[in-house]
Structure formats: C-alpha cells, structure tokens
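Side-chain atoms are counted along with the backbone in the values below, which use heavy atoms only and exclude waters and symmetry mates.
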Protein chains: 2
Amino acid sequence: MSETTDPAIETIKRRKAPAKPKGRVTMTDIARAAGCSQATVSFVLNNSPGIKLSQQTRERVIEAARALGYSAPAFSALRKPVAAFDGLDGVIGFAVDQLATSPEAVVAIEGARQASWNAGNVLLVAQTMGDAVMEPRAIQALTRRGISALIYMTIFTREITAPDFLYSLDIPVILLNCYTADYAFPAVVPSEIAGGQSSTRHLISHGHRRIATITGEPWMQAAQDRLKGYRRALATADIPFDPELVVEGDWSASAGYAATVKLLALKDRPTAIFCQNDRTAIGCYEALKEAGLHIPQDISVVGYDDEEIARHLFPPLTTSILPHMAMGQWAIEQLEAPTAPGHGRYPITKLECPLVERESVRAVAGG
Amino acid sequence: MSETTDPAIETIKRRKAPAKPKGRVTMTDIARAAGCSQATVSFVLNNSPGIKLSQQTRERVIEAARALGYSAPAFSALRKPVAAFDGLDGVIGFAVDQLATSPEAVVAIEGARQASWNAGNVLLVAQTMGDAVMEPRAIQALTRRGISALIYMTIFTREITAPDFLYSLDIPVILLNCYTADYAFPAVVPSEIAGGQSSTRHLISHGHRRIATITGEPWMQAAQDRLKGYRRALATADIPFDPELVVEGDWSASAGYAATVKLLALKDRPTAIFCQNDRTAIGCYEALKEAGLHIPQDISVVGYDDEEIARHLFPPLTTSILPHMAMGQWAIEQLEAPTAPGHGRYPITKLECPLVERESVRAVAGG
DNA sequence: CATGGCCACTAATAGATATAAACGAAGCGG
DNA sequence: CCGCTTCGTTTATATCTATTAGTGGCCATG
C-alpha cells in the first residue's frame, strides 16, 4: 500500500500545514497581536493616504510590529558587491565608537572614502558610542539599509570582544584599529611597536645614548607597545635599559610636565626624551622651557600621533604619524580584493607609523 | 518578408502592455526584461539557498532589476517619528559635503548626535563631496531604507540651490550652514554679522578707536557678513569708517601676514586688528612679532572661528566660536518640536557666535 | 424613531512574492 | 537507445500585501 499518493490525503496534509511557525513575521501576525485586521496593519505601516484610523489603533499596530520585529525584505542580491572594477554604487557601512573625540576617526573615514570613491561606493557612517543599547541599533540602521560590507572601528587600539551580531552578518566585516582574540575578522592596527622602535632609533641615530621615555596609561595596548619598541631599539643598539629613564604618564600634558620634572632631577640627565604622545610632549616642552633648557640644542624631544598641534609648537615637534588614513584605505582594499573576506581566520595586519622629522631633534654634541 | 514587424500586432502588444501603468516595478517586469520567469527573479534577488542558477541568468536579472530601479518597500510608518518622548529608534540622515577638510562638520554632527541620543535616535552620516553624481547616490543610500529626517549640511556657509530630489522627499529636511533662496526648508546658519559686530564691539569697549580688519575672500558670504558687522559696530560707536583700515585677505596665514605688514606701514597705525579668521590671525601674529610689537601690550588682536590652534598661540587668541554644535542641536530640536517641518516657507535661523576672551586683547593705554 | 452621514474599521479580493513540484535538456552508463 | 541524474529553469500554487468596496456603530437631524 502506497501511503503517500492518495491525493485527498495529500491535500489534507497540506491544509493542516497552516500551523505555520515559519519564523517569518507577517502582517497577519501583527494584526492578531494588535487585535485588528491585516488590512489595518497594511494601512498603518504604509501610512496610506486618505485612510483615517484612530491614533490608538495606529499606535497598537506600530508597537506590535516593532515588538514582533517586522521588517521589509532585504533583497540581498541587490547590494552591490563592493567593486573596484565597475562604476556602480555599493554602500559600505562604517561604524565607529566616537567621531568627535579625536580626529583619527575622521582621518580613517577619509582614507576609506578616497579608496572607495573611485569605484563609486558610498560610505555610511554611524556612531556606536560604545553603548550596549545603541550600538546594535546603530549597526542595524546600517545593515537594514543593505550595506555590502561593514567596517568596524574603535578610537583606541585594543582587543575587543565583538558584539555577537557581528558574527551573524552575512557581509564582510573588517575591524579597524581593533581586533578580536579569535581572529574571526580581518583587522588592521597601527604598528606601535615598530613606531616606538623607529622613534627611539631616530634619536639613537642622532647620537643620543641617554634616552628617556614618558609612557601613556600603562594598561593601554598602545602604551605597552610603544614602550616595547623603545626597549627593542635600545637593545638593538646595545644600549642598556635603564628603568630610571622610563616614567609613567597618562597621555596628558600635565603628566608630561611632571614626568619631565622628574627626569630633569636625575643625576645623569637624559639628552633626549621620547614622549609617547604629543600631548605629553606639550607638557614636556613646558617643563624644559621652565628649566631654562632649549629644544633641541640642550635636549631633543620626539612625540607620537602627529596631532595638528605638533606642527605649531616651538620648535615644531618631530613625531610619528598614526596611519589611520592608510588603515581606512586598507580596509576598503580588502573588500575590493578578488578574495573578499568571508568568515575564517585572519591575521592582524599592522601598518607602519612613519616618522615626520621636524625641528625638535638635534644630534648630540659629543655624538 | 518581415517576420516580427506586423505593425498591427505590434500596436496591439504595446496597447496591452500599458494595462499596468501602476508605476511600481514588480518581479514580473524584471522577469520580462531579463527574459526569464518571475520565480527566477525571486530566486536571484533573495539569493535563495539551495537554488542553482547560471551566473549568466543571475547577472541578467540583477542588471534588469537595477535598470528598472526595483527596490524593497519602505514601510514608512516603521521609521520612528524622530521623537523626544518615547525611547524608540528613529534614524536621522546627515548629509554633508565634506567631513575631513574642517572640524566644523564633526562638531555639528556631535551636536546633532547629543541632541538625538537621549531620544534614542540614530544618526547616519553620508558624504556628498559636492559631487553631482555621488550626491544623489549618497543621499539615496540614506533614504532608500527609510530615514525619519534629513539634515543637509555644507562646510561653507552659503546659499545653495538644493538638488531637486530634496524637494520630493517625504520627510522633513533641515539645512545646516546653508539655505535656499526659496526658503523651502528650515535652515540655520551662524550669525556672522552679529559675530563681526561683537568682535569689533569688544575691541571698542576696550578703548580702541583705530581698529583694522583683515577680511576673508570677498566673494564669500561669511567675509561679507563679518565685514558688515565690523562696520555696524563702528557706526554704533560713532567711529568713522576708514577704508585704509580694511585689508582684503583670503583666510590664509600668509595673507594675514601680508595684510598686517601693510597695516603697520600706515602713518596712523591701528591699535587693534580684527582678523576675520584664526588662520589670518596666525599670520598677523607673525608679522607683529617680527615688527617687534607685543600682543596685547602694543596691539590687540582678535580672530574668528575658535580653531584649536587659537588656544595654543602665544598669547592665546581671543576669538569667536562658530556655533556648529548649537546648529546641530537646533536641527534636531526642529525635528522633535511638536510642529515638525513639512514643506512651506521657513525663515533662516541665525545662531550667535559667542566671543571667547583670551589674552590677545588689552585696554588701550589712553582708553 | 427612521434617516442619513461619517468614522473607524473589516471583508473580499486583486496583485505580488516565495516555494514546492515538475519539466526538459544534457550527460552518462550500460 | 534507454533509463537515470543533475542542472537550470518554469509552472503552479500557497502566502503575503495592497486596495476597493463595503459594514456596523454612533451621532445629529427632522
């Protein structure tokens, strides 16, 4: 006896099916939840002109729609593959925790924009403010719009535990200035170790041997790495490491001031100071000037970050450029590469921090 | 013998087709254009898993869909009315011509973000680069999936002819730092006239009577208005206007330098200089120092814009703050106001540029 | 207390989309 | 040459959405 071929039974089975937990939310579902008809839901959601509905009903419907997570279909095929070749308009999302607090975010966005502009890709920027509630909303606002890829940036270089939803996106995700422990996404960060090393090497090559450094807040990755680079450069040049010459700061100008005062009190004063960011260098300048020392005749100073102000200090400060522009470009290039990222394991890419020589370093007299 | 071109049949076919002047593009339309069935279109557009299709067909469908401008429905009711009261997530679009060239854009965005954050609204930023091709794309990337409102900002304060599509949006549009001749949108700009006036008045109130000014590029609105404010302040104080004391610059430091040199060559030197932006003031400082004059003992200087650097000049520069933060907030407040803007005629709102007093102004000796 | 208008909404249905099933062509093994 | 598969697509249909044409209740009116 063939049990599957009786047409009548088949029909019945299919009819029964309407116990449909299809997962998908329909207007009928909303109607049920809101206690009205599907037609009403349609009217409300489309703001159909010429239809009069009570405010009450409207609100109930919208509330129910939100509660059930109703949303328009995505048509994922219509998202343009972010493209280097054709001139069409892909949309790339750029999520960053903060835009305004430091210029780096804007610089990275600018790098990404330049890189994507030629191919005709549009960049949409959203701020997450590192807020657990708003971050998903902000990123949802991007993904709902059918972006082809997402660049996720943090202001501070650091390891992050990516929010869960990053893993379930069906588009390429690139991390900028941060990375995850599981290497699930391509990531790019500045090469702070190399930066610290080349800053220090720069001083060494000018004949300095007593080189002090003022660090940032020690729990920050960047501070650790810049210090590591400093030590490497010393080691490479066979200069013994002297803990006396490392003073802990906190990235602030006032800490730079205090640290410099401390360094000047040493019996064997340094001939050069590597300030691990430009703000610290500002405080350092201040303290040196108060002590009657001239930069760079009496003492050399280098900073880090190449903030706008570094150019306007007197004398202009030799410092290292954070490669945020290049990082933005890199992120886009990854997307445009023939092997656009899926999900797998990716190495962390580090980009160099080039040194800009200005006038705060001079060869040491007896060098 | 023509096999396909019987005119009568052609006509009939054409007549039949327009039976659907619905305007809306459907999958069936795409199918017809791509030479396949509606089902195939559905498969392609949804990237339906488990369905195998030739690359060729896929491409033809996607191409046709793009060509016909197929798009998902927007469900306008689901975009949360930008709301001061409830805690739901409206999405507000922020289009600006350039993000990176000057910090004002970011400041305005920050103002808007702060104002919208509490209400739970998300801000999405797109750059138009003032590009006729990319601007519509960028803004479309915002509007496609439903934003509740659009803020349209330019870097330079000026009158614009708004792109046509701004008029056909069904959401409130606010202009920031620009305005249209037809007053079709609420607009907010800095009150440059009042700013120029209060800068000048500040000098007058410190006893200055010979007050020079170095302008910006004269075709720019801001330059004209600041100059107008300067003249008004003089007039109010019954100080005769002396054309000798107005030197044309171009916002640059080098123009500020040259202009200052010119002013110092006057028989009757000014005792104060109103530089119409901070960069000009930098050049002005330079020239004054070279001439052996001390600020503010020998001569007072005020700037305009309150750029970061104004704080770090020596002496710190008294200048006027561009109210971009406030303008961003204002834009959001308009949206949240009970009478959210539709389309009509709106006055141009001007926000004050507050003066920050630092140390570059001193009362004139015989004042 | 019929009458009619209008308000807020629903029923019915036309129109669109998603998907299961079927179909024809190509390849292939026997 | 036949049956069996697989692939790429269509057919047919179930579902979902938009819209036209009501429906019933409420109120004012005569």
Base, sugar-phosphate, or nothing for B:S37, non-hydrogen atoms under 4.0 angstrom?
-> base
Symbol by symbol from the 5' end, with Watson-Crick or G-U pairs under 3.5 Å, [ ] crossing and | another strand, DNA chain C is ||||||||||||||||||||||||||||||
Considering only heavy atoms from C-beta outward, does the side chain of B:M134 approach that of B:Q127 to under 4.5 Å?
-> no
B:R66/B:E63 ion pair, N-O < 4.0 Å = no
B:S54 side chain near D:dT9 phosphate (N/O to OP1/OP2, under 4.0 Å) = yes
Got A:I174 and A:W330 here, is their nearest side-chain heavy-atom distance under 4.5 Å?
-> yes
Kindly say if B:Y70 contacts the phosphate of C:dA16, meaning a side-chain N or O under 4.0 Å from OP1 or OP2.
-> no
Verify the contact: side-chain N or O of A:T40 to OP1 or OP2 of C:dT10, cut-off strictly under 4.0 Å; return yes or no.
-> yes
Is the shortest side-chain N/O distance from A:T57 to OP1 or OP2 of C:dC9 below 4.0 Å?
-> yes
Nucleotide D:dC7, atom C1' - distance to CD1 of B:I51 in whole Å = 11 Å
Could you state the atom-to-atom distance from CG of A:N46 to C1' of C:dG15 in whole Å?
-> 14 Å
Just how far, in rounded Å, is C1' of C:dC9 from NZ of A:K52?
-> 14 Å
Please name the residue in the list A:Y152, A:Y346, A:Y183 that meets the side chain to side chain contact (heavy atoms under 4.5 Å, CB included) test with A:L175.
-> A:Y152
Using a 4.5 Å cut-off on heavy atoms from C-beta on, say whether the side chain of A:L142 contacts that of B:L124.
-> yes
Take atom CD of A:Q38 and atom P of C:dA16, then tell me their distance rounded to the nearest Å.
-> 15 Å
Rounded distance in Å - CZ (A:F43) to C1' (D:dT17) | 11 Å
A:N177 backbone acceptor or donor facing A:T154 side chain under 3.5 Å = yes
What is the distance from CZ of B:R60 to P of D:dT10, rounded to the nearest Å?
-> 9 Å
Select from A:T26 and A:S48 the residue whose nearest nucleotide in DNA chain D is closer to the 5' end of that strand.
-> A:T26
note: B:Q55, atom CD; D:dT9, atom C1'; distance rounded to Å ~ 15 Å
Does B:T40 use its side chain to pair, donor to acceptor, with the backbone of B:C36 at less than 3.5 Å?
-> no
Please give, in whole Å, the distance from C:dA18 P to B:N47 CG?
-> 12 Å
Looking at C:dA8, does its base get a donor-acceptor pair with the side chain of A:Q56 below 3.5 Å?
-> no
